[in-house]
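Letters go in sequence order (proteins before strands), and every chain restarts at 1.
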Number of protein chains: 2
Amino acid sequence: MGRSIVRLKDIADKTGFSTNTVSLALRHSPRIPQQTRDVIQRAAAELNYLPNQIAKSLVSRETKTIGLVLTDINNPVLTHTAQSIELALSARGYGTLFATSNNNLTEEVRAIEMVRARQVDGILIYPTGHRQLDHLRMLRRANYPIVLLVGEADAGIDAVGMDERRGAHKATRHLIDVGHRRIALIDGANPQGNREKREGYQQALAEAGIGFEPALVLDPRGNSVDRGYWAVDGVMSGPDRPTAIFAANDSLALGALRWCLKHNVRVPEDVAIVGMDNIEFGEYAGVPLSSVDYAVETVTRMAVERLMRLIAAGDQLPEPRITQIDPDLVIRESTRAQR
Amino acid sequence: MGRSIVRLKDIADKTGFSTNTVSLALRHSPRIPQQTRDVIQRAAAELNYLPNQIAKSLVSRETKTIGLVLTDINNPVLTHTAQSIELALSARGYGTLFATSNNNLTEEVRAIEMVRARQVDGILIYPTGHRQLDHLRMLRRANYPIVLLVGEADAGIDAVGMDERRGAHKATRHLIDVGHRRIALIDGANPQGNREKREGYQQALAEAGIGFEPALVLDPRGNSVDRGYWAVDGVMSGPDRPTAIFAANDSLALGALRWCLKHNVRVPEDVAIVGMDNIEFGEYAGVPLSSVDYAVETVTRMAVERLMRLIAAGDQLPEPRITQIDPDLVIRESTRAQR
DNA sequence: GCGCTTTGGGAGAGCGTTAATACGCGGGGC
DNA sequence: GCCCCGCGTATTAACGCTCTCCCAAAGCGC
């Protein structure tokens, strides 16, 4: 616990006032005359006093710290989210206690216990399973301030996030609009029970009267560029190649793009590619990548604001509010050319 | 501070034992007979008891939490570092209190105060300025466990990091070896006082008898892909184009690569490019990027181990130890072809 | 000069936990 | 039969801070 040994009592001893008076003076209480405050504050500065937030928390029953639980920070969009949240929280005087679940429910539960034991004032979480929310609902029911970073419609918990179904629908629809009918989907989250993207994809196909072909749904078993590369290797090498690929995130899309460039498959002439999240590396890729934009700043701003409101509400939380942000599709060269 | 209201006292009331007995029982003290322990532990489980780490910290004088202060998590290598550190710490039962300095010394100081006020047991920091370490040295002198994530040789503080000077030297040397003499450097950190990369670059030039040309040193004013793109726009559009580019990180390098691809400048035939950090997006770029590998896992493992040792040392810290990791150069297509 | 308020400050309790110490009681040694 | 010991548990005092009283002296009106 650091080596910070200067306490209120030390300032009290040095100035001759009681610890109580010192405490009030350092918090600018009007009950202490200006002159006394000056003396005390000067003494505090000389001793290099730093208030012990732990002791403060014990009595005030708030830690001014929130728990941030993410699945896996290597996804650039979650990285950006983490950064943006930390910024917003620190601007409000809150610290960020960070933990990862590694896309594993058991670890998620452990991470939540860890931050709860440290008495965080609230939790922001990007849950592993968008459907496995019971443990979170229990917290919410116990009046624990918690906000999901996923726009899960029927969570029963406050949530702010991209409408992934609509995003996937827009991306697929766009591919259809520019003339594609054989559209592959790369999505690692679907087997884990996060079906939104898959549903958006299927819905767009259905609306266009295109039959759903299970062979075109690829499970990359991960979310790295590498995974995207190998996910498409099978179908693309085969005889019945798709003419378009929709990837559930830009890392996967860039992997697919790389496969194409390496095998002299022209993008977008031979195969069009759309990603999701609109990360910077996509914009500046070998062929600039079309992508569904994830409005990180908007999501984090709203999520933090909502969490602050829940914290302020105290013992009687308001009804949960779910905000689903309708994402924009950013069209770049990887789908630009008409067929 | 959450809404966790179950205390030792509640378990005591329920079971009829004193809070003290409950405390001992839950910590498996041999002083409490097995049978009593069972009763108490069952009651604790029923009440959903979660120990209050804050209260525990106040008396034990350790929080089992460490502060992680980074400049800017958007750099993929720092992202990876953050993830890897969180993992290592959580495996050791430590929480990670995370803060960013946004590459600003004032904010760095504030971030450190924030984590110190929360009584973290130690600090891991990627400092803004590799030469502005006085405030950190003061902490170290006060026996505060702190480890830098930068291999700064004469820090006087424990440090683990890549040897950036050698890395830059290797990259530049490689470009010289494959026949280049007009080699541009893109480096945003140099104007901030982090001169290691620049020095490695200049040293390699000098050894090869190549005159240093200030016009070839480009300040991107940032570290995004976008910045890399615009940083090279000037020299590359001019008459006296360099034939090779060494970028201080892969984001910048990918920006430069993108400029080339967009303007039909062949890589590596017309211009060779080397980056630094060896991020995955570089490996799968339009032209796979040569890069100096940053051994993230090694750095974080050693840094965390060192921090643990410092924490265990208590009031008498051992002499600071600085570990500089000699990075490997990964050669890919962006520099492969001989001229 | 009396009682009132106001001003400046202190004493003490308590936040949830742990560590040190105290205590009651049963049993064994002599 | 008495003392002592040890077992099982309770009591008490911290940890550093804030909050709720409380008190003493000064100021003020009549």
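Atom OG1 of A:Thr71 is separated from atom CD1 of A:Ile125 by 9.5 Å, given to the nearest 0.5 angstrom.
For D:dT11, the base has a donor-acceptor partner in the side chain of B:Asn20 [N/O atoms by modelled type, under 3.5 angstrom].
Checked against D:dG16, C:dG8, D:dT9, the side chain of B:Thr21 finds its nearest nucleotide in D:dT9. Ranking D:dC17, D:dG16, C:dG16 by closeness to the A:Lys56 side chain, first place goes to D:dC17. Comparing D:dC15, C:dG10, D:dT9 against the side chain of B:Ile32 picks out D:dT9 as the nearest. Nearest to the side-chain atoms of B:Asn52 among the listed nucleotides D:dT9, C:dT17, D:dT18 stands C:dT17. Taking the side chain of B:Arg7 as heavy atoms from C-beta on, and the options C:dG10, C:dT17, C:dT18, the nearest nucleotide is C:dT17. Nearest nucleotide to the A:Arg31 side chain, out of C:dG10, D:dT18, D:dC17: C:dG10.
Judged purely by distance below 3.5 Å, without hydrogens or angles, the side chains of A:Arg118 and B:Thr65 pair a donor atom with an acceptor atom. Side-chain contact check for B:Arg27 and B:Ser23: at least one donor-acceptor pair (N or O, by modelled atom type) lies under 3.5 Å.
Taking atom CD1 of B:Ile40 as the reference point, atom P of C:dT17 lies 14 Å away to the nearest angstrom. For the pair B:Glu62 CD and D:dC15 P, the computed distance is 17 Å after rounding to whole Å. Between the P atom of D:dC17 and the CG atom of A:Leu26 lies a distance of 9 Å, rounded to the nearest Å. Atom-to-atom, CD1 of A:Ile11 to P of D:dT18 comes out at 11 Å; the value is rounded to the nearest Å. Rounded to an integer number of Å, the gap from A:Leu58 CG to D:dG16 P is 12 Å. Put simply, CG on B:Asp10 is 11 Å from C1' on C:dG16, counting in whole angstrom units. A:Lys64 places its NZ atom 14 Å from the P atom of D:dT18, with the value rounded to the nearest Å. As a whole-Å value, the separation of B:Arg61 CZ from C:dG16 C1' is 16 Å.
Residue A:Tyr49 places no side-chain N or O under 4.0 Å from the OP1 or OP2 atom of D:dG16. Within the structure, a side-chain polar atom (N or O) of B:Ser23 is placed less than 4.0 Å from OP1 or OP2 of C:dT18.
A side chain to side chain contact (heavy atoms under 4.5 Å, CB included) with A:Arg140 is found for exactly one of A:Ile123, A:Val147, A:Leu148, A:Leu310, namely A:Leu310.
Note on B:Thr36: only backbone sugar-phosphate atoms sit closer than 4.0 angstrom, heavy atoms only; bases stay farther off.
Nearer the 5' end of DNA chain D, as judged by each residue's closest nucleotide, is the contact made by B:Pro30, out of B:Pro30 and B:Thr19.
Salt bridge B:Asp13/B:Lys9: present, at least one basic N to carboxylate O contact under 4.0 Å.
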